[in-house]
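Here is the structure we will look at.
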Protein chains: 2
Amino acid sequence: MASVSTEPAPILEPARHGAAGSRIADELRQSILSGAYEPGARIRQEDLADLHGASRLPVREALRVLEGEGLVTVVANTGAWVSRLSLAECEEMYQIRERVEPLLLRYNVPLMSDDFIDELEALATQIELSADVEDFITLDRRFHLSMYGAAETNLLGDIVLRLWNRTHHYRRAFTRVFSRGNDQSVHYEHHLLVSAIRRRDLGEAERVLAGHIRRTRLELARHPEVFSHHP
Amino acid sequence: MASVSTEPAPILEPARHGAAGSRIADELRQSILSGAYEPGARIRQEDLADLHGASRLPVREALRVLEGEGLVTVVANTGAWVSRLSLAECEEMYQIRERVEPLLLRYNVPLMSDDFIDELEALATQIELSADVEDFITLDRRFHLSMYGAAETNLLGDIVLRLWNRTHHYRRAFTRVFSRGNDQSVHYEHHLLVSAIRRRDLGEAERVLAGHIRRTRLELARHPEVFSHHP
DNA sequence: CCCTCGTCTATTGGATACATTGTTGCGCAC
DNA sequence: GTGCGCAACAATGTATCCAATAGACGAGGG
């Protein structure tokens with residue numbers, strides 16, 4: 001914003017003072033999740049600064065934030081890279097999710113309105129119809145994470161969101177190689193999950209969700225090629 | 001380090017270039033955990049900078065790191081405070097631990113040597129003999145966290161460590177009000193846990209640990225006065 | 001021909017200086 | 001006496017400048 005001389009309307013400037021670090025962190029997070037940066041990609045501070053029209057200082061803060069979220073790996077005096085996961089680490093993430101997301105679901109189900117559950121059902125159907133891999137992972141992410149938005153405390157929600165973000169790239173890569181199988185299990189599980197939620201059957205909802213994550217983890221383990229590094 | 005003119009031996013200087021942010025983060029984290037800062041205490045950037053003989057820049061990085069860990073709450077253009085937990089949030093943390101720590105234990109038990117298990121047993125006995133609250137929480141923390149140091153991937157270990165850190169202050173406060181009860185359950189559970197580990201009985205070890213955390217959570221809920229804010 | 005050491009440059013780390021924001025306390029009006 | 005508003009201050013956010021480090025490249029020797 002500083003380099004551009006023709007900046008007539010500061011009114012439409014949503015970026016207020018004191019938000020540069022957070023804003024850059026948000027945008028870089030989105031870029032990483034969108035796949036614009038591959039795991040292992042180098043992140044240069046000055047590039048980011050120029051890109052966002054800021055100095056390197058808020059960029060460094062943003063990198064620290066994303067480092068804390070596990071999305072970026074920073075080495076002192078050397079540089080920053082998009083974090084990379086091994087198959088073992090990714091499986092560990094899924095095992096954590098398997099234990100933790102059912103708990104988060106338990107917190108949220110009592111707070112869901114019937115209308116909201118209808119929306120979930122519609123989303124599950126929409127996922128079935130998704131043609132493209134990018135559509136699928138976007139809708140699938142929305143389906144699951146929207147279930148977790150009702151709780152009044154968001155500590156667990158934040159932890160789960162970070163787990164999703166750290167594995168997002170591998171979910172995309174895995175979906176790409178797996179989608180040819182034309183396996184309908186995912187969709188069945190989604191509908192079973194909505195059904196259990198509608199009946200407010202917490203135990204069953206927990207079981208279905210845990211099984212859903214577990215099955216994904218086992219499928220993932222059958223495709224280690226997703227994790228082959230090509231430096 | 002820069003202001004002191006009489007610095008004859010640069011050999012004993014462990015603080016190298018590029019480590020100020022991490023160093024300050026580590027020291028501030030220790031200060032918060034030690035109880036030197038109460039939850040809700042204001043953290044002024046300039047004070048920290050002077051205290052560590054650095055400028056505000058690495059201090060800001062440190063604050064971002066600790067914010068990511070949940071230990072510090074930063075409000076833009078306003079300031080930073082030591083994070084505060086409500087009873088509901090603390091219970092949520094314990095519920096997460098209840099589900100996640102047994103998994104981490106499962107990862108670690110097969111990697112423990114018999115000698116190490118002897119050390120755990122000795123630690124459990126030492127905890128029984130601890131006189132003072134500060135001793136107890138230090139030894140108890142070491143007892144539990146040392147169990148988690150063997151795993152080759154440390155993703156889950158980091159998450160658990162953060163959960164411990166975020167609740168550390170309340171564990172201290174709670175122990176202070178609870179220690180008068182003279183309840184031996186904690187120690188029985190510790191010894192049962194070591195016993196299950198020694199037999200390499202993963203299922204039983206998981207159950208005992210989950211029960212241990214669960215019981216602590218329920219006790220905690222009976223002492224809401226620990227969370228009363230006194231501003 | 002290859003290995004090693006030295007230099008050099010690109011990039012990051014840190015400090016100082018300045019702009020902006022939030023807050024607090026005082027004064028004035030009602 | 002109370003409530004609103006303005007102003008001065010204090011603390012944070014940002015930019016620019018300088019220092020230190022690590023990787024790369026090339027020259028020299030084995």
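In the text below, chain A, chain B and the rest are named by the order of the sequence lines, each starting its count at 1.
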For [X], all residues meeting side chain to side chain donor-acceptor pair (under 3.5 Å), sequence neighbours excluded:
X         : value
Thr73(B)  : Ser83(B)
Thr138(A) : none
Glu98(B)  : Arg217(B)
Arg214(B) : none

Margin query: Please enumerate all residues that pass side-chain contact (heavy atoms from CB on, under 4.5 Å) together with Arg42(A), with sequence neighbours excluded.
Written below: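 Testing Arg42(A) for side-chain contact (heavy atoms from CB on, under 4.5 Å), a comparison that skips the adjacent residues, returns Arg44(A), Trp81(A).
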
Next item on the list: Return the set of residues passing side-chain contact (heavy atoms from CB on, under 4.5 Å) with Ser55(A) (not counting sequence neighbours), or none when no residue passes.
Entry: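 With sequence neighbours excluded, Ser55(A) shows a side-chain contact (heavy atoms from CB on, under 4.5 Å) to Leu57(A), Pro58(A), given in chain and number order.
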
Next item on the list: For Ala80(A), report the nucleic acid contact type (base, sugar-phosphate, nothing); a contact means any heavy atom under 4.0 Å.
Entry: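 Result for Ala80(A) = nothing.
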
Item checked: Any residue of residues 60-69 of chain A with a heavy atom less than 4.0 Å from an atom of DNA chain D ->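 Those residues: none at all.
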
Margin query: Short of 4.0 Å, heavy atom to strand atom, which residues of residues 41-48 of chain B count as contacting DNA chain D?
Written below: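 Output list: Arg42(B), Ile43(B), Arg44(B), Gln45(B).
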
Next item on the list: Round to a whole Å and report the spacing from CG of Asp50(B) to C1' of dA10(D).
Entry: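 So the CG-C1' distance, Asp50(B) to dA10(D), works out to 15 Å.
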
Item checked: 5'-most by nearest nucleotide on DNA chain C - Leu57(A) or Gly79(A) ->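 Whichever sits nearer the 5' end wins; that is Gly79(A).
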
Checklist line | Within residues 57-79 of chain A or reaching into it, pairs that qualify as salt bridge (Lys or Arg N to Asp or Glu O under 4.0 Å) - sequence neighbours excluded | finding: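 Non-adjacent pairs meeting salt bridge (Lys or Arg N to Asp or Glu O under 4.0 Å): Arg29(A)-Glu69(A), Arg60(A)-Glu61(B), Glu61(A)-Arg60(B), Glu61(A)-Arg64(B), Arg64(A)-Glu67(A), Arg64(A)-Glu61(B).
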
Next item on the list: For Tyr148(A) and Leu104(A), indicate whether the former's side chain and the latter's backbone hold a donor-acceptor pair under 3.5 Å.
Entry: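 Absent.
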
Note to self: According to salt bridge (Lys or Arg N to Asp or Glu O under 4.0 Å), who are the partners of Arg142(B), at least two apart in sequence or on a separate chain?
What the structure shows: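 Arg142(B): no salt bridge (Lys or Arg N to Asp or Glu O under 4.0 Å) contacts found.
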
Notebook entry, point to check: By salt bridge (Lys or Arg N to Asp or Glu O under 4.0 Å), which residues pair with Glu119(B), not counting sequence neighbours?
Noted result: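 Not a single residue meets the salt bridge (Lys or Arg N to Asp or Glu O under 4.0 Å) criterion with Glu119(B).
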
Collect all protein-nucleotide pairs involving nucleotides 18-24 of chain D in which both atoms are nitrogen or oxygen and the distance is under 3.5 Å.
{"unit_1": "dA22(D)", "atom_1": "OP1", "unit_2": "Arg16(B)", "atom_2": "NH2", "d": "3.2"}

